[in-house]
Number of protein chains: 2
Amino acid sequence: MPITIADVAAHAGVSKTTVSRVLNGKGELNAATAARVRQVIAELGYVPSAGAVGLARGRTQIVGMLVPSLTWPWIGQVLQGVIDVVEAEGFGLLLFTCDRGEESLRRFAKQVSAKSFDGLLVIEPEGTLDYITELHEAGLPVVLIDDRGHRPLFPSVATTDRSGGESAAQHLLELGRHRPVVITGPESFGCTQERLAGFADTYAANGHPLFPDQIVVGDFTFEQGRAAVTAMLSTGMTFDAVFAQNDLSATGVLLALREAGIRVPEEVAVVGFDDVPLASYSDPALTTVHQPLREMGDAAARMLLAHFKGVPLPNAASVLPTHLVVRDSSLIRTQLQPDPR
Amino acid sequence: MPITIADVAAHAGVSKTTVSRVLNGKGELNAATAARVRQVIAELGYVPSAGAVGLARGRTQIVGMLVPSLTWPWIGQVLQGVIDVVEAEGFGLLLFTCDRGEESLRRFAKQVSAKSFDGLLVIEPEGTLDYITELHEAGLPVVLIDDRGHRPLFPSVATTDRSGGESAAQHLLELGRHRPVVITGPESFGCTQERLAGFADTYAANGHPLFPDQIVVGDFTFEQGRAAVTAMLSTGMTFDAVFAQNDLSATGVLLALREAGIRVPEEVAVVGFDDVPLASYSDPALTTVHQPLREMGDAAARMLLAHFKGVPLPNAASVLPTHLVVRDSSLIRTQLQPDPR
DNA sequence: CTGAAAGCGCTTACAG
DNA sequence: CTGAAAGCGCTTACAG
C-alpha cells in the first residue's frame, strides 16, 4: 500500500538506481529525467522509508540522548536547545532516561548495541560515566553535556562553574558583604566543587577567607536550603549573604529568611545559580548565576552533527560562559519609582 | 566488524532461520539447539540490529511523541510518565517538537511518511489538530494527551478540568468566600472553558453567580497574573478570592497581592491549577488543583502499546481525575504550632 | 525440528 | 547518463 522507490521508478519509467540518485543528488544525471522523476515523486507524495535508508547506508539519521530525568526544570531547557538543531538538520531525537537502576542501564545498552542511533548526547546520570567512556572508546560518537565539572579528554560542552562562583562572590563583595554563607550541591558533583572554589578563592583573595562553618553541604533541594538556613539561625550564627548553588535551594533560603523576619536584601543578600524560570518568580526575584543551558544543548548537538559531516570531535570541553543576573534578592531597590507597598 | 545474525548462526552451526527463531521464541525447536544458540549469543554479546528487524517486520518498535515545547514545566512531567512505560516495554521514544511554524510541521510530516515510528503520542501544538486527525484517519495509531478539553471520537487521555474548577469553587465557598475573581488561560483553549464553567456553575448553584467583571481573560503567564490583579486593585474593585487557572499565573497573583499589602489567605484566598513544583515553593504555598500529568503520560503510552498488541484503541477520552491540594494560600494556619514570624 | 530462499526498501559499486 | 545486481541484517512463508 505505501508507495516505495519501485513505484516511483515504474511511474517515471526509470530504474530504482536513477530514482535513488535524484533523491540523493549523486552522480551526473540528465536534467530532463531528473525533472521527470522529481515530478513523479511530488505527485505520489513519496518519502523514502527511514528504516530502509538506514539499513542500506548503515546510518540512522537519529541522535540518541541520555538524561537522568525529565522532571528537573533545567533539563527541559537543554533538551529544547538540542532538539532545535537536531530537527533543523533533519535528524530525529531518540530519548532515553537512566534512573541509575541496573535495569535501566541494561536497557539502554541494548539500544546502543542495536545501533538505534548514530551518536549520543548525554547529561550524565550518576554513576554511568564509566559506561559512557567505554562506549566512546568503542567508537560511538559521544558528546557529554556536563554539569559536573570538566572532563579532560572527552568531547563535551560545559559551563564556567568556577567563574560563576567568582562572579557571585565579586558581586557580594562589591555590596560590602563580608560574612557570607554557602549552601552547596551534593559534594560529589564536580560543579559543586567548582562553584565553591571560585567563590571561596575570591573571598580569600579579598581578605575574607571562608571558615568551615560558613559552608554547608546541601543537596540542591528546596527543603534543604530552607532547613539549612533555619538551623544556622537557631544557633545564633550571623551572616549577611547566602550563596546557594542552585535556584531551588536559594528559593528555600528566601523562605527561611522571611519566616525568621529577616529582610532580603537589606539584612541578608541571596544569590542562586542556574537562572531557571523560578528565579524570576520568587519574591524577591533572585539574583543568580545564569547557566547557558539552551546554548549548551545547542552546542553539543552541533558538535555531534558536525562530526557526522567529517569534522572531528574536539577531545576537550567546549566551555560556554555563565553570567550574573542581578535581581532584587541582592540589590536594594532605589526608591526612584513609586513602590506600591 | 559488528556481529550479525550470520555470525551467530555460523558459530552455533545452525541456520540464520534457527537463530531468528530462538531470538523470537517462535516455532518448536529442539531444546539442546536452542540452548547452544543462546550460549553463542551470550558469548558474542549479540544484539539484533534494530533497523534490520524493523525493516523486515515492518514495525520499528519506536513510538513518536509530538509536543509543542520542552520548556513548559508540566510537559516534563507528562514526558516522564510516557518514557517510563515506553522504555519498560522495550520501545524507543522519538521526540518531535512543533512550534506552529509551517516548516516544523512539514519536517514532522516527513518523519511520519518515512515511517520512523509505529504510533504517535501527542500533546497538541496549537493549530495542528486537523493534521493529526488526518494522520489518525490515514491509519496511524494516535493517542492525544489532551489539555484542551475532550475530543469526542478520538483516542485520548484527558483530565477532569470541569470538576477541577468545581472543586476549587467548592473549597472557596466552604471558606465563605463569596466574591471571587477568576483569571483564565487563553480563551481558545478547551481547558480554560471547562475550568471556568465548573467554577462559575458551582458558584451560581450556590447562589453567588459570577458577574462579567469577576472574570479576566489571561494567558497563563506570571506577568499577566500579576498585572491583572494590580489592575483590578487600582480600580478599587474588591474580592476575597482569586482562582487562577494555572500555577504560574497564580504565583503572579500572589506577588501582586503582597505588593499591595494584602494578606493571603486572610484577606484574599488564592487557588491555582496544575500543581507543578512551583506551587509548593511559593510563599504562601499554593492551594491548587492537581493534574495527574505523569499518570496521563503513563496512560496514553499504555493505551498505544496495548494497541500494538491487538487491544483496540478506545474511540473516546480516558479521563483521569484532578484533585484539590490544599495549602497555605487558602487555608488560614492554626496557631497550634509555633510560628517563627 | 530445521533450512534455503525470497523479501522488507533502500544504496552502491560495477558495467556499459 | 543509466541500469542490473548484490548487499544492508533481519523475518517469514514454504518445504522437508
Side-chain angles (χ1 to χ4, degrees), chain A residues 1-38 40-41 44-62 90 92 110-118, chain B residues 1-38 40-41 44-62 90 92 110-118:
Chain A
M1 202 69 243
I3 87 129
T4 71
I5 195 172
D7 300 321
V8 176
H11 280 250
V14 298
S15 70
K16 294 188 294 175
T17 307
T18 297
V19 177
S20 176
R21 275 198 272 257
V22 354
L23 244 20
N24 302 297
K26 282 184 183 168
E28 314 296 287
L29 36 148
N30 180 295
T33 30
R36 182 153 37 93
V37 171
R38 255 187 277 276
V40 174
I41 288 175
L44 267 44
Y46 167 67
V47 177
S49 148
V53 173
L55 183 57
R57 284 212 272 245
R59 297 174 263 118
T60 58
Q61 294 264 102
I62 288 182
K110 191 155 183 177
Q111 297 271 10
V112 175
S113 306
K115 310 203 164 315
S116 300
F117 45 83
D118 299 336
Chain B
M1 200 71 244
I3 87 130
T4 72
I5 196 173
D7 301 321
V8 176
H11 281 248
V14 299
S15 71
K16 295 186 295 175
T17 307
T18 297
V19 177
S20 176
R21 275 199 272 257
V22 354
L23 245 21
N24 302 298
K26 282 186 182 165
E28 315 295 286
L29 35 147
N30 179 296
T33 30
R36 183 153 37 91
V37 170
R38 255 187 276 275
V40 173
I41 288 175
L44 267 44
Y46 168 67
V47 176
S49 147
V53 173
L55 183 58
R57 284 213 272 245
R59 297 174 262 116
T60 57
Q61 293 265 102
I62 287 182
K110 190 155 184 178
Q111 297 272 7
V112 174
S113 306
K115 310 202 165 318
S116 300
F117 45 83
D118 299 335

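Every chain is numbered from 1, with letters handed out A, B, ... down the list of sequences.
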task: Sugar-phosphate means primed atoms, P, OP1 and OP2; the rest is base. With that split, encode nucleotides 7-12 of chain C 5' to 3' as B, S or - using protein heavy atoms under 4.0 Å.
output: BBBBSB
Output a table of donor-acceptor pairs, distance under 3.5 Å, between side-chain atoms of residues 44-59 of chain B and any protein atom two or more places apart or on a different chain; print 'none' if there are none.
unit_1  : atom_1 : unit_2  : atom_2 : d
B:Ser49 : OG     : B:Gly51 : N      : 3.4
B:Ser49 : OG     : B:Ala52 : N      : 3.1
B:Arg57 : NH1    : B:Asn24 : OD1    : 3.2

side-chain hydrogen bond (donor to acceptor under 3.5 Å, both in side chains) with [X]: which residues, sequence neighbours excluded?
X        : value
A:Gln111 : A:Ser116
A:Ser15  : A:Thr18
A:Ser113 : none

message: Counting only heavy atoms and a strict 4.0 angstrom limit, can you tell me which residues of residues 8-15 of chain B come near DNA chain C?
response: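 Going residue by residue through residues 8-15 of chain B, the ones with a heavy atom under 4.0 Å of DNA chain C turn out to be B:Val14, B:Ser15.
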task: Using a 4.5 Å cut-off on heavy atoms from C-beta on, say whether the side chain of B:Arg38 contacts that of B:Val22.
output: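 Contact flag for B:Val22/B:Arg38 side chains = yes.
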Counterpart residues, side chain to side chain contact (heavy atoms under 4.5 Å, CB included), relative to A:Lys16 (two or more places apart):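 Scan of A:Lys16 (side chain to side chain contact (heavy atoms under 4.5 Å, CB included), adjacent residues dropped) gives A:Ile5, A:Ala6, A:Ala9.
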Counterpart residues, side chain to side chain contact (heavy atoms under 4.5 Å, CB included), relative to A:Ala10 (two or more places apart):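 Applying side chain to side chain contact (heavy atoms under 4.5 Å, CB included) to A:Ala10 gives none.
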- prompt: Pairing of DNA chain C as dot-bracket, 5' to 3': ( ) intra-strand, [ ] crossing, | other strand, . unpaired, with Watson-Crick or G-U pairs under 3.5 Å?
  reply: |||.||||||||.|||
Atom of [X], atom of [Y] and distance for their closest heavy-atom approach:
X       : Y        : result
B:Leu29 : B:Ala34  : CD1-CB, 3.5 Å
A:Ile62 : A:Phe117 : O-CB, 3.4 Å
B:Gly90 : B:Gln61  : O-NE2, 4.0 Å

field: Rounded distance in Å - CG (A:Asn30) to P (D:dG3)
entry: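 That distance rounds to 11 Å.
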